[in-house]
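As C-alpha cells, the structure follows; a few thoughts come after it.
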Amino acid sequence: MCGRYSLYTHISHPEDFEERFGLPAGELPPFPAGYNIGPYRDVPVIFQTPGEGVRMRLMQWQLVPAFAKEFKSQYAMFNSRAETITSKPFWQRLLQNARCIFPANNFFEWAAVEGQKVPHKFYLPEQRLLAFGGLYSVWRHPESGEERYSASIITVPANPLVAAVHPRMPLILPREIEQNWLDPAERSFERLQQWLQSFPGNDMGDVEVSPRLNNIKNDDSSLIEPLAS
DNA sequence: CCAGACGTTGTT
DNA sequence: GTCTGG
DNA sequence: CCAGACGTTGTT
DNA sequence: GTCTGG
C-alpha cells in the first residue's frame, strides 16, 4: 500500500520538473515541502488531457467518482490495486483515460514489530524524483459547476526489498515510460497492463525512520533522516 | 497511512 | 470496534 | 425512451 | 457523466 510519502524536490530542485516533465518552475502549484503527506490532502499531481501539454495541479488524495452526489468518497480509495483496475470496467476506463503521476521523493511503509508500528523510508538514491502511477477523476458540483479533482495511487505487490516490511507498494514508473503513461492518446490496454509492474528493489534504499512520523501532525525534514540506532 | 474520538436534551 | 480527521 | 447502476484498501 | 438493461 502507500499511505504516506514525502515531496520536497519541487522546492529544493525545481529544475527537475522541467527536465523530467517539461514543467517550468513558474508553473509548479503552490505547495510547501511536505515530509509527511497522508491521504485526503491536496497534493501536486501531473496529468495531461487531449490537445494539451503536461500540466500539474493540486488534487485531493482520494478518488471521488464523477457520479458521486457529494465530493467525498464512501470508500477508502486513496489507493487502487493494479489487480482491480485491470479487471473491473469502472477502473479500466480510468486506466485508459485518466492516468496521472504523483511526484514524490520517497514512500513510507510500516513494519509491525512486537505490536509497534515501525516506519521505514524507501527511496531511490540516484533519483531525487519518483513518479508514482495514479488515476484521477474530475467531479463537478451539481449547481455551481465547480470542478474538483481527486487522485489515487496505484499499488502493486511489494518487490523483495519492500516485502521484508510490507506486502504492497506504490506503482513506480520507470523514467522511460513516464511520457507514455501521461499521453492521453495511449489507449492500448495491453501495453498499459504491462506497465503495472513492481519496481525492482536492487537500486532502492530502505532505512528505519523516527516513529514521530506516525503522527501526521509532525512534518519536518528530520522525519526522513535514518533513525540513529 | 496513523491517531484520536467515540455521549444529549431542552431551555433561555 | 469503527469512524473521522489530517 | 427512462431507470438504475456505477466506487475500496488494507489491517489483524 | 456514461453505460447498461428493459
Side-chain angles (χ1 to χ4, degrees), chain A residues 1-7 31-44 49-50 58-98 102 104-123 130 132-158 162-163 165-171 187 196 198 208-220 223-224:
Chain A
M1 124 292 306
C2 178
R4 215 68 79 80
Y5 69 94
S6 304
L7 174 64
F31 187 78
Y35 300 93
N36 196 6
I37 301 172
Y40 308 107
R41 273 196 62 189
D42 288 326
V43 298
T49 49
L58 295 178
M59 301 192 191
Q60 191 172 79
W61 182 10
Q62 69 159 326
L63 196 91
V64 180
F67 55 76
K69 298 223 168 33
E70 298 172 276
F71 187 73
K72 71 177 214 191
S73 182
Q74 54 188 115
Y75 299 117
M77 300 211 288
F78 54 87
N79 285 159
S80 312
R81 296 172 65 93
E83 299 88 330
T84 304
I85 65 178
T86 51
S87 58
K88 296 191 175 179
F90 169 82
W91 295 103
Q92 288 173 338
R93 251 172 277 142
L94 289 179
L95 180 61
Q96 284 187 304
N97 304 313
F102 287 70
N105 287 98
N106 61 49
F107 62 95
F108 301 101
E109 302 288 359
W110 278 261
V113 179
E114 292 165 4
Q116 304 287 83
K117 291 172 178 174
V118 179
H120 286 243
K121 177 182 82 162
F122 293 94
Y123 60 104
L130 295 182
F132 296 156
L135 303 173
Y136 74 95
S137 173
V138 188
W139 180 90
R140 232 170 283 271
H141 188 99
E143 277 105 47
S144 70
E146 174 208 10
E147 287 185 331
R148 302 195 63 179
Y149 287 70
S150 58
S152 173
I153 296 175
I154 297 170
T155 64
V156 293
V162 178
V165 171
H166 195 85
R168 306 284 299 177
M169 63 181 265
L171 169 64
R187 315 291 291 296
L196 304 180
S198 305
E208 188 178 329
V209 295
S210 165
R212 289 200 310 115
L213 185 85
N214 294 16
N215 195 324
I216 203 149
K217 287 177 182 165
N218 298 320
D219 185 359
D220 62 81
L223 296 174
I224 62 170

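As the structure is a computational prediction, the values presented were derived from the model and not from experiment. Quick note on labels: first sequence line is chain A, next is B, and so on, each numbered from 1.
When all heavy atoms of A/Asn214 and A/Arg4 are compared, the pair lying nearest together is O-NH2, 3.3 Å. Contact between A/Trp139 and A/Lys69 at its shortest, heavy atoms only, is CZ2-O, 3.6 Å.
Nearest-nucleotide assignment on DNA chain D puts the 5′-proximal partner with A/Phe67, out of A/Phe67 and A/Arg168.
Contact between the side-chain N/O atoms of A/Thr155 and the OP1/OP2 oxygens of D/dG10 is found at a separation under 4.0 Å. OP1 or OP2 of D/dG10 has at least one side-chain nitrogen or oxygen of A/Arg81 nearer than 4.0 Å. In this structure, A/Asn215 reaches the B/dG4 phosphate: one of its side-chain N or O atoms is under 4.0 Å from OP1 or OP2. Note on A/Thr84: a side-chain N or O is less than 4.0 Å away from OP1 or OP2 of D/dT9.
If you measure from atom CD of A/Gln116 to atom C1' of D/dT12, you get 16 Å, rounded to the nearest angstrom. Rounding to whole angstrom units, OH of residue A/Tyr40 and P of D/dG10 are separated by 12 Å. Rounded to a whole Å, the CG atom of A/Asn218 is 10 Å from the P atom of B/dG4. Nucleotide D/dG10 holds its C1' atom 11 Å from the NZ atom of A/Lys117, rounded to whole Å.
Nucleic acid contact for A/Ala76: base, since at least one base atom lies under 4.0 Å from a heavy atom of the residue. At the heavy-atom level, A/Lys88 lies under 4.0 Å from the strands shown only through sugar-phosphate atoms.
Set against B/dC2, C/dG6, D/dG10, the side chain of A/Ile216 has C/dG6 as its closest nucleotide. Ranking D/dT9, B/dC1, B/dC2 by closeness to the A/Phe78 side chain, first place goes to B/dC1. The side chain of A/Arg4 approaches B/dC2 more closely than any other nucleotide in the set B/dC2, D/dC6, D/dG10. Taking the side chain of A/Ala112 as heavy atoms from C-beta on, and the options B/dC1, D/dT12, B/dC2, the nearest nucleotide is D/dT12.
With a cut-off of 3.5 Å on both pairing distances, the Watson-Crick or G-U wobble partner of B/dG4 is C/dC3.
No donor-acceptor pair closer than 3.5 Å links the side chain of A/Ser6 to the backbone N or O of A/Asn105.
Using P as the reference atom, B/dT8 and C/dG1 are 22 Å apart when rounded to the nearest Å. Distance noted for atom P between D/dT12 and B/dC2: 8 Å (whole Å). Between C/dG5 and D/dC6, the distance separating the two P atoms is 27 Å to the nearest Å. Across B/dT9 and C/dT2, the matching C1' atoms stand 25 Å from one another, rounded to whole Å.
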